[in-house]
Student: 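The structure's right below; bear with me while I get my questions together.
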Amino acid sequence: MPALVSKSLRDYRRSLIRWAIGIGAFFTLYLSLYPNISENKEIYGAQALAKYPGALRDFMGGLEDFTSGAGYLSGVVYQLFGPMLFVVCAMILGNRAIAQPEEAGTLELTVTLPIDRRRLVFERFTALALGLLAVAAATFLLVWLLSISSDMGVPADRILAAHTGVFLLALLFGVLSLAVGAATGRKGVATAVVGVVAVGGYIVETMGKGVDWISWLRWVSPFHYYLDGRPVYEGFPVGDYLVLAGAAVVLLLTAILAFDRRDVGV
Amino acid sequence: MTAVVETEGLTKFYGKRRGLEDLDLEIRPGEVFGYLGPNGAGKTTTIRLLLDVIRPTRGRMSVLGMDPRDPAVRGRIGYLPGELALEGREKAIDYLDFLGRARGGVPRDRITALAERLDADLSVHMGKLSKGNKQKVGLIQAFMHEPEFLILDEPTGGLDPLVQQEFLAMVREVRAGGRTVLMSSHVLAEVEHVSDRVGIVRSGRLVAVEDVAALREKAVRRVELHFDAPVPREAFEDLPGVRDLRVEGAAVRCTIDGRPDALVKAAARFTVVHLVSAEPDLEEIFLTYYSENEEQEGRHARTGVQEPA
């Protein structure tokens, strides 16, 4: 493994463990509520949820039926809080690739190593992707085991499909913060951009279904390519996931070109 | 032999602010070059340009015969940043191992030998290192891969006098091994004892480059001679380089420009019981460069005011 990748992973280690535990705790809490909820069809069933106002239902991803295993996973776990936790984790790790060490001054020695600037960005990206993959893999195993123990009746490949989507979405936002950091060297700017794209993207994708004049914006929202394919119900939305992966690659190339051109630490 | 550093018209502007303008600099193989100037004069800008941390606005440079854009050249350089940032829970030794691996491998015992020499504790988390210990870690990483060219930005800041002496010894060893050093400082006293040549940079421009030995020869020094009996004034009058002569009984006081040879030979005719010679104050000589330059700039400013708008 290149020295910079293993060094970055070592720097990430504590953070990765904490995020895996935190996200795992969230999944455990939510999934442990499922047996209780599935028995209360009059509160959480399809008919009960249909009484909520349309806009709220849109915002929460449709509120179809929380009493089925697939409905609960799709509408509660993988709808909003699950992906958002991953996005925040990815943003923090993405910031630590360039912008944060640049502001702290520790990037100065790193860029004077005999490592090409383009390779430096790529190796930081590799560490980011591997770190996110580790958190995603650990939490996938957890969700899968919990879904078995609480008898959700959702096949493992559907959970894997949804979890892969969360991973790709997180990777995209991680690379976004890395790219903004690589281009500007400012952690605050990167955080703001990720925040706006994540919150705006989620709102546009969910509310856009019912509001015509913003519905076209759904096509540029990263959440569209994660939520629209309904992976828990339908399995891997291959085309959508390729869009997420492709966008991450484009951002990575942008990051590499931007960082290669500019002054560091001024 | 090709120069270790060669720049031509090297210029860096940060937006409209001048960092460095039209720098023509040559650093020769095997020399210790002292790079002097007040804070903000452009020393760090020059150093960061040579290491490709920042890119020139215009001008040309080569380092070790290569374009600084080529990452391979940085493997042959050891660099101590002026504002060294080390942080986190990582132990200093682990960080040094990483830097060593990234530079193609450095034996662990070389790192520990340097640490012993500088009396640095490498088992401490980097975020908890004192300023002096951070500087030691910075020096270790700059020296540990035995680079052909050392670039040290304000290396002695935060070091106690004993460690400073050890550091200067390390610099002398590097020079003895035929390797090259560029060392910046804002005070001459820090570099004059190890430097072969010094360059002064001021407000983004190189004001002068001088040979330290030649400077020392030019330097004015005060000399006091005491004899066992009163001496005649005539014996010391009109000696080349001797000024401000005062003969009081058995004591002679004067200042000499350059070589003390004539004075020594004149004194040798009598019995010398005591000789005092103050170290020449090179700082003073440099200040004359500065003040001349200041006067010039002052004139420019005045003519600028008189120009019609």
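Sequence lines set the chain letters: A, B, ... in the order given, protein chains first and strands last, and positions in each chain run from 1.
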Student: Calculate, to the nearest 0.5 Å, the distance between atoms CG and CD belonging to B:Leu84 and A:Glu108 respectively.
Tutor: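 Reported value, rounded in 0.5 Å steps: 9.0 Å.
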Student: Answer yes or no: are there more than 12 heavy-atom neighbours, outside B:Glu83 itself, under 6.0 Å from its atom CD?
Tutor: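 Result for CD/B:Glu83: open.
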Student: If the threshold is 4.0 Å, N to carboxylate O, is there a salt bridge linking A:Asp263 and B:Lys12?
Tutor: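 Result for this pair is yes, salt bridge flagged.
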Student: Using every non-hydrogen atom in the two residues, find where B:Ala85 and A:Ala104 come nearest and quote the distance to one decimal.
Tutor: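 Nearest heavy atoms, B:Ala85 then A:Ala104: CB-O, 3.2 Å.
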Student: Heavy-atom count around A:Phe122 CZ within 6.0 Å, excluding the residue itself: above 12?
Tutor: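 No - once you tally the heavy atoms of other residues, nucleotides and ligands closer than 6.0 Å, there are 12 at most.
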Student: Mind ranking A:Val266, A:Thr106, A:Leu109, A:Thr110 by heavy-atom pairs under 4.5 Å with chain B and telling me who comes out on top?
Tutor: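 Winner by heavy-atom pair count: A:Leu109.
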Student: Between B:Arg89 and chain A, with a heavy-atom cut-off of 4.5 Å, which part of the residue counts as in contact: side chain, backbone, both or neither?
Tutor: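 Just the side chain, heavy atoms under 4.5 Å.
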Student: Testing A:Arg10, A:Arg13, A:Arg14 for salt bridge (Lys or Arg N to Asp or Glu O under 4.0 Å) with B:Glu90, which one passes?
Tutor: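 Single salt bridge (Lys or Arg N to Asp or Glu O under 4.0 Å) partner of B:Glu90 among A:Arg10, A:Arg13, A:Arg14: A:Arg10.
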Student: Where on B:Asp94 is there a heavy atom nearer than 4.5 Å to chain A: the side chain, the backbone, both, or neither?
Tutor: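 Contact with chain A is through both the backbone and side chain of B:Asp94.
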Student: Might you work through the side chain to side chain contact (heavy atoms under 4.5 Å, CB included) test for B:Ile77 and A:Thr112, ending with a clear yes or no?
Tutor: CA-CA 9 Å; B:Ile77 298 176; A:Thr112 55; over 6 Å; no
Student: Pick one of side chain, backbone, both or neither for B:Tyr79, based on which atoms fall under 4.5 Å of a heavy atom in chain A.
Tutor: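 Both backbone and side chain.
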Student: Please check this pair: side chain of A:Arg117 against backbone of B:Val53, looking for a donor-acceptor N/O pair closer than 3.5 Å.
Tutor: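 Yes; judged by distance alone, with no hydrogens or angles, the pair exists.
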Student: Counting only N and O atoms by type, is there a donor-acceptor contact under 3.5 Å from the side chain of B:Arg48 to the main-chain atoms of A:Val264?
Tutor: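 Checking the backbone N and O of A:Val264 against the side chain of B:Arg48, a donor-acceptor pair under 3.5 Å is found.
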Student: Can you confirm whether more than 12 heavy atoms, excluding those of A:Lys187, are under 6.0 Å from its NZ atom?
Tutor: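 Atom NZ in A:Lys187 is not packed in, count stays at 12 or less.
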Student: Counting only heavy atoms not in B:Tyr14 (residues, nucleotides, ligands), do more than 12 fall under 6.0 Å from its OH?
Tutor: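 Yes, enclosed.
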Student: Are any of the side-chain heavy atoms of B:Arg101 and A:Ser6 separated by less than 4.5 Å?
Tutor: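 They are in contact (side-chain heavy atoms under 4.5 Å apart), so the answer is yes.
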Student: Has A:Arg262 got more than 12 heavy atoms of other residues, nucleotides or ligands less than 6.0 Å from its CZ?
Tutor: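 Atom CZ in A:Arg262 is packed in, count exceeds 12.
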Student: Please rank A:Asp260, A:Asp11, A:Leu4, A:Leu107 by heavy-atom pairs under 4.5 Å with chain B and give me the top one.
Tutor: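 Answer, by heavy-atom pair count under 4.5 Å with chain B: A:Asp260.
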Student: Are the side chain of B:Arg74 and the backbone of A:Ile115 linked by a donor-acceptor contact shorter than 3.5 Å?
Tutor: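 Flag set: sc B:Arg74 to bb A:Ile115 pair under 3.5 Å.
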Student: So with a 6.0 Å cut-off around CZ of B:Arg117, is the heavy-atom count from everything else above 12?
Tutor: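 Yes.
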